[in-house]
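Just below is one structure, and these are the notes that go with it.
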Protein chains: 2
Amino acid sequence: MSARERLVESARELLWERGYVGVSPRAIQERAGAGQGSMYHHFSGKAELALEAVRRTAGQLRDTAEAELSGPGTARSRISAYLLREREVLRGCPVGRLTQDPEIVASPRLREPVEETFTWLRSRLAEVIAEGREEFPAGLDPVATATAIVAVLQGGYVLARAAGSAEPFDQAINGVLGLLGVAPAD
Amino acid sequence: MSARERLVESARELLWERGYVGVSPRAIQERAGAGQGSMYHHFSGKAELALEAVRRTAGQLRDTAEAELSGPGTARSRISAYLLREREVLRGCPVGRLTQDPEIVASPRLREPVEETFTWLRSRLAEVIAEGREEFPAGLDPVATATAIVAVLQGGYVLARAAGSAEPFDQAINGVLGLLGVAPAD
DNA sequence: GTCTATAGGGTGATAGAC
DNA sequence: GTCTATCACCCTATAGAC
């Protein structure tokens with residue numbers, strides 16, 4: 001792996017763990033096994049390196065979700081597969097995490113991939129719900145429901161980190177699945 | 001207001017805006033109009049000041065929620081009043097925000113009031129749901145449903161900050177209310 | 001209680017040699 | 001491409017005067 005590549009990967013990990021304000025270029029360089037000169041040769045600074053890291057992480061989240069939501073099966077089964085996928089719950093969501101960072105929210109360039117990820121995810125989920133409308137309780141609004149589902153995931157991470165345990169995350173998922181009329185093992 | 005009081009209030013605001021890793025004692029002192037000496041006279045350091053600030057914020061959230069959830073009315077009306085209360089959505093949740101902070105999650109003392117807040121909120125909501133069981137879809141699990149509701153709020157903040165708009169937050173709330181069988185104006 | 005001075009280390013970036 | 005040196009500034013805390 002090239003030094004450039006190692007820098008981006010280190011930045012991704014550290015942004016996930018500590019956020020933008022909590023990471024220093026030096027820490028990224030150390031984890032990457034690269035020096036100052038190397039980093040500033042490949043990137044103009046912390047912001048540009050973070051931008052590439054954030055874009056890559058956002059793209060990966062999208063690709064994973066797209067694969068799950070576009071697989072075979074009913075709308076219900078695809079949504080519950082998406083919700084029940086194994087996650088490193090206590091690490092939180094690598095994209096959602098960034099929304100708590102003042103510098104990321106304040107920077108249009110850094111916020112853009114984050115916004116785009118959730119906009120895409122909400123509308124993709126809304127499509128799946130709309131496709132399988134008769135599988136769900138009657139009169140349900142696809143966009144509002146999709147947004148609530150994404151929110152449950154993001155909020156589940158928050159509650160899990162607060163508790164130091166994955167238990168509230170699992171309960172939150174059980175809770176929406178129940179409300180969607182999907183039994184625990186469905 | 002005493003200098004001590006101003007320091008705690010400044011710390012509360014800055015923790016909300018920037019999180020623990022994003023705030024410096026100096027910034028707190030400046031906002032409070034207090035000097036170094038004053039801060040270190042009243043508190044042993046950043047961690048102790050933050051601890052008092054976090055405890056106070058957590059207590060306030062709990063008092064507000066308790067007032068709403070223990071008011072008059074059906075379970076449905078109390079829950080929807082709680083969910084539809086006016087919020088400064090783009091600022092995020094002052095307690096939930098802290099769960100994204102590595103130093104807070106890593107410190108048992110700092111995490112404790114955060115954990116306690118959500119544990120209390122989940123079980124208080126579960127009680128209200130259990131009381132009004134026949135008002136909701138049949139066979140619904142009070143604890144899982146309560147957890148999902150809290151998660152929707154927390155995730156709603158995440159989505160709103162990602163979007164730079166309160167719209168996803170409102171949609172997420174609409175989404176759960178719909179799933180709970182509560183019409184938009186109910 | 002609050003002030004100023006000082007400390008040792010980190011931050012984010014630049015410069016120029018190799 | 002990567003290295004080391006250097007920069008001005010900020011971080012968190014301590015010390016001691018007032």
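So that the names make sense, note that chain A is the first sequence line, chain B the second, and so on, each numbered from 1.
Atoms CD (A:Glu30) and P (C:dG12) sit 13 Å apart, rounded to a whole Å. As rounded to whole Å, 16 Å separates atom P of C:dG12 from atom CD of A:Glu48.
Think of the region where chain B sits on DNA chain D: with heavy atoms and a 4.0 Å cut, that region ends 5' and 3' at D:dC11 to D:dT14.
B:Val23 comes within 4.0 angstrom of the backbone, heavy atoms only, and of no base.
Evaluation of the side-chain hydrogen bond (donor to acceptor under 3.5 Å, both in side chains) test over residues 103-112 of chain A, restricted to residues two or more places apart or in two chains, returns A:Glu103-B:Arg18, A:Arg111-A:Glu115.
The only option from A:Lys46, A:Arg4, A:Arg12 that meets the salt bridge (Lys or Arg N to Asp or Glu O under 4.0 Å) definition with A:Glu52 turns out to be A:Arg4.
Contact detail for B:Leu90 and B:Ser165: the closest heavy-atom pair is CD2-N, 3.5 Å. When every heavy atom of A:Leu180 is checked against every heavy atom of B:Leu179, the shortest pair comes out as CD2-CD2, 3.9 Å. Closest non-hydrogen pair, B:Leu84 versus B:Leu177, comes out as CD2-CD1, 3.9 Å.
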Shorter than 3.5 Å, N or O on both sides, protein versus nucleotides 13-15 of chain C: list them out with atom names.
{"from": "C:dA13", "atom 1": "OP2", "to": "A:Tyr40", "atom 2": "OH", "distance (Å)": "3.1"}
{"from": "C:dA13", "atom 1": "OP2", "to": "A:Lys46", "atom 2": "N", "distance (Å)": "3.1"}
{"from": "C:dA13", "atom 1": "N7", "to": "A:Gln36", "atom 2": "NE2", "distance (Å)": "3.3"}
{"from": "C:dA13", "atom 1": "N6", "to": "A:Gln36", "atom 2": "NE2", "distance (Å)": "2.5"}

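In this structure, the side chain of A:Arg78 engages the main chain of A:Leu69 through a donor-acceptor pair within 3.5 Å.
Because its NZ or CZ atom is not both nearer than 6.0 Å to the ring centre of B:Trp16 and within 45° of the ring axis, B:Arg97 does not count as a cation-pi partner of that residue.
Considering CZ of A:Arg56 and CG of A:Leu61, their distance stands at 15.5 Å, rounded to 0.5 Å.
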